[in-house]
> 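One structure coming up, written as structure tokens, with questions to follow.
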Amino acid sequence: MNMQNGSKTPLDLDRDAVWAQIRDEASRAIQDEPLLGSVIHSGLLHHRSLEAALAYRFSQKLASGEMSEQILREIADEAHRASPGLGDAARADLLAVYDRDPATHRLIQPILFFKGYQALQAYRMAHWLWRQERRDLAYFVQMRVSECFGVDIHPAARIGTGVMIDHAHSIVIGETATVGNDVSMLHSVTLGGTGKEDGDRHPKVGDGVMIGAGAKVLGNIHIGHHSRIAAGSVVLHEVPACKTVAGVPARVIGDAGCSEPSQSMNQLLGIDDYL
């Protein structure tokens, strides 16, 4: 499925084609593993659209004794009706995961199994609530996302589309952070502040940036478009566009190595980069 000589077939699908592809994959997945039939039917095939499937997944994963599946489903359905852009963002994020994660060979995988994708879509619900001035409900969703997925994104943070959060464990994104389009980040990334000051205090990440595992980006600093932050780095100062930074504290060690580091996902640094 979408494999040719070990490589994935590129996907650039419109709204209807994405959903058709998902349904086709779901039907074949049931043939391959009948024991997952009820999960796949209820999660995907039972629904009329990707938006409806995502609303169902949101309610299933975040429901608790404090908030029922029905109420959460109504919230998500309302959000998708009021803001069609949520569905467009979900498709862009889905194709980003498919394109950049070598472990992803089908579109159904992130929807059903990958907490980075699911947490990001739940954040989008919380952000929609925040913009509707329903702040306490947004905080509730943030809390449940943190409890269920180990991902803590403040609902006021602004995140673009085509974003991939790989593995996603221990991701923290603060209230005034912004993340551009086509960004990739791995687990244990923090976009945080540097103290208890109020106001605009979190990083501003440009388009096409790749942030390696465990990197900490702290303070109201700008990370230039198409730059690359090496795993484990602590970034305290602004990063120029199209550069690679590494170290504690991070410093510029060279160019980003390509025009789209978030898509190439190349995290290897040559020895010359440190000299």
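Side chains are part of it too, since the values below use all heavy atoms of this structure and drop only hydrogens, waters and symmetry mates. Just so it is clear, the model here is predicted, and its values are computed rather than measured.
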> Between S188 (side chain) and A213 (backbone), is there a donor-acceptor pair under 3.5 Å?
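No, S188 side chain to A213 backbone: no donor-acceptor pair under 3.5 Å.
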> For H154 together with Y123, are the ring centres under 6.0 Å from each other?
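That pair fails the under 6.0 Å test.
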> As a test of understanding, state which of S262, C258, C242, S259 forms a side-chain contact (heavy atoms from CB on, under 4.5 Å) with H226.
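Result for side-chain contact (heavy atoms from CB on, under 4.5 Å) with H226: C242.
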> With clusters defined by side-chain heavy atoms of hydrophobic residues (ILVMFWY) lying less than 4.5 Å apart, directly or transitively, does V145 cluster with M143?
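Same cluster: M143 reaches V145 through Ile, Leu, Val, Met, Phe, Trp or Tyr contacts under 4.5 Å.
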> If Ile, Leu, Val, Met, Phe, Trp and Tyr residues are connected whenever their side-chain heavy atoms lie under 4.5 Å apart, and connections chain through other members, are I211 and V252 in the same group?
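Same cluster.
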> Can you tell me if E175 uses its side chain to pair, donor with acceptor, with the backbone of A157 under 3.5 Å?
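Not confirmed, E175 side chain does not pair with A157 backbone.
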> Would you say W128 and R124 make side-chain contact, with heavy atoms under 4.5 Å?
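A side-chain contact is absent here, since even the closest heavy-atom pair is not under 4.5 Å.
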> Regarding K61 and E69, does a basic nitrogen lie under 4.0 Å from an acidic carboxylate oxygen?
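No, K61 and E69 are not salt-bridged.
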> Rounded to the nearest 0.5 Å, what separates atom CG in D136 from atom CH2 in W130?
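Taking CG in D136 and CH2 in W130, the distance rounds to 9.0 Å.
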> Checking R91 against E51 for the salt bridge (Lys or Arg N to Asp or Glu O under 4.0 Å) test, could you report, in this order, the C-alpha distance in whole Å, the side-chain angles of both residues, the deciding distance, and whether it holds?
CA-CA 10 Å; R91 286 170 177 80; E51 286 82 354; 2.8 Å; yes
> Would you confirm whether S233, through its side chain, and V235, through its main-chain N or O, come within 3.5 Å as a donor-acceptor pair?
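A pair under 3.5 Å: no.
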> Give the table of side-chain donor-acceptor pairs shorter than 3.5 Å for residues 73-81, with sequence neighbours excluded, one pair per line with atom names and distance.
unit_1	atom_1	unit_2	atom_2	d
R73	NE	D77	OD1	3.3
R73	NE	D77	OD2	3.2
E74	OE2	Q70	NE2	3.3
E78	OE1	R134	NH1	3.3
E78	OE2	R134	NH1	3.4

> I need the L236 CG to I221 CD1 distance, nearest 0.5 Å.
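That separation rounds to 6.5 Å.
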> Can you name the nearest heavy-atom pair linking D93 to Q121, along with the distance?
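Smallest interatomic distance, heavy atoms only, reads OD2-NE2, 2.9 Å.
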> Start with the C-alpha distance between K204 and H222, add both sets of side-chain angles, then the distance that settles side chain to side chain contact (heavy atoms under 4.5 Å, CB included), and finish with yes or no.
CA-CA 5 Å; K204 312 296 181 282; H222 287 79; 3.7 Å; yes
> State, yes or no, whether a side-chain contact exists between I22 and L50 at a heavy-atom distance under 4.5 Å.
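Sidechains of L50 and I22: in contact.
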> Measure the CZ-CG distance between R57 and L44 for me, rounded to the nearest 0.5 Å.
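The CG atom of L44 is 8.0 Å from CZ of R57, to the nearest 0.5 Å.
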> When you compare the side chains of R158 and T178, does any donor N or O come within less than 3.5 Å of an acceptor on the partner?
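T178 and R158 do not have a side-chain donor-acceptor pair below 3.5 Å.
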> Between atom CG of D182 and atom CE of M164, what is the distance when rounded to the nearest 0.5 Å?
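Output value for this atom pair is 11.5 Å.
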> Quick one: pull up CD in Q118 and CG in L62 and give me the separation to the nearest 0.5 Å.
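These two atoms lie 9.0 Å from each other.
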> Apply the test side chain to side chain contact (heavy atoms under 4.5 Å, CB included) to residues I173 and D152: give CA-CA distance (whole Å), side-chain angles for both, the deciding distance (0.1 Å), then the verdict.
CA-CA 6 Å; I173 299 178; D152 198 343; over 6 Å; no
> Can any side-chain N or O of Y117 pair as donor or acceptor with the backbone N or O of A90 at less than 3.5 Å?
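Judged by distance alone, yes, a pair lies under 3.5 Å.
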> Please check if any side-chain donor atom of H167 sits under 3.5 Å from a side-chain acceptor atom of K115, or the reverse.
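Looking only at side-chain atoms, K115 and H167 do not form any donor-acceptor pair under 3.5 Å.
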> How far apart are the closest heavy atoms of D207 and H225, and which atoms are they?
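Minimum heavy-atom contact is N-ND1, 2.8 Å.
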> Please check if the number of heavy atoms outside E133 that lie under 6.0 Å from its CD is greater than 12.
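Counting neighbours around CD of E133, more than 12 heavy atoms of other residues, nucleotides or ligands fall under 6.0 Å, so yes.
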> Counting C-beta onward and ignoring hydrogens, is there a side-chain heavy-atom pair between P155 and F140 closer than 4.5 Å?
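P155 vs F140: side chains apart.
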> Run the side chain to side chain donor-acceptor pair (under 3.5 Å) test against R144 and tell me which residues pass, sequence neighbours left out.
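Expected list: E147.
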> Which pair of non-hydrogen atoms, one from Q21 and one from L107, has the smallest distance, and what is that distance?
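In terms of heavy atoms, the two residues are closest at CG-CD1, 3.6 Å.
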> Distance from T104 atom OG1 to L94 atom CG, nearest 0.5 Å?
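T104 OG1 to L94 CG: 9.0 Å, rounded to 0.5 Å.
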> Step through the shown structure and confirm whether more than 12 heavy atoms of other residues, nucleotides or ligands are within 6.0 Å of CZ on R131.
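Counting neighbours around CZ of R131, 12 or fewer heavy atoms of other residues, nucleotides or ligands fall under 6.0 Å, so no.
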> Looking only at non-hydrogen atoms, find the nearest pair between R228 and N266 and report the distance.
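Where R228 meets N266 most closely, the heavy atoms are NH1-O, 2.9 Å.
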> Is there a path of hydrophobic side-chain contacts, each under 4.5 Å between heavy atoms, that joins L218 and I229?
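Not linked; separate clusters.
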> Linking I/L/V/M/F/W/Y whenever their side-chain heavy atoms sit closer than 4.5 Å, directly or via other members, would Y56 and M125 fall into one cluster?
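Hydrophobic grouping puts Y56 apart from M125.
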> Mind checking whether L129 and V141 have side chains closer than 4.5 Å, heavy atoms only?
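Heavy-atom side-chain distance check passes, below 4.5 Å.
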> Other residues, nucleotides and ligands only: do more than 12 of their heavy atoms fall within 6.0 Å of CG on D32?
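More than 12 heavy atoms, drawn from other residues, nucleotides or ligands, come within 6.0 Å of this atom.
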> On a heavy-atom basis, which atom in F114 and which in A103 lie closest, and how many Å separate them?
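Closest approach of F114 to A103: CZ-O, 4.5 Å.
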> Would you kindly say whether R100 and S184 are connected by a side-chain donor-acceptor distance under 3.5 Å?
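On atom types as modelled, these side chains qualify, holding a pair under 3.5 Å.
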> Give a yes or no on whether I153 and L137 share a hydrophobic cluster (residues Ile, Leu, Val, Met, Phe, Trp, Tyr; joining criterion: side-chain heavy atoms under 4.5 Å apart).
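The answer is yes; both residues are in one hydrophobic cluster.
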> What are the two closest heavy atoms between R201 and T176, and how far apart are they?
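Smallest heavy-atom distance, with atoms named: N-OG1, 2.9 Å.
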> Could you go step by step and tell me if L191 and V205 meet the side chain to side chain contact (heavy atoms under 4.5 Å, CB included) rule?
CA-CA 9 Å; L191 304 181; V205 179; 4.1 Å; yes
> Assess whether side chain to side chain contact (heavy atoms under 4.5 Å, CB included) is satisfied between I159 and L120, documenting all intermediate values.
CA-CA 9 Å; I159 299 179; L120 181 57; 4.2 Å; yes
> Hey, is the main chain of G160 close enough, under 3.5 Å, to the side chain of N181 for a donor-acceptor pair?
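Absent.
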> Is there side-chain contact between M185 and D166, with at least one heavy-atom pair below 4.5 Å?
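No - every pair of side-chain heavy atoms lies 4.5 Å or more apart.
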> If you measure from the Lys or Arg side-chain nitrogens to the Asp or Glu carboxylate oxygens, is any gap between E25 and R23 under 4.0 Å?
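No, this pair does not count.
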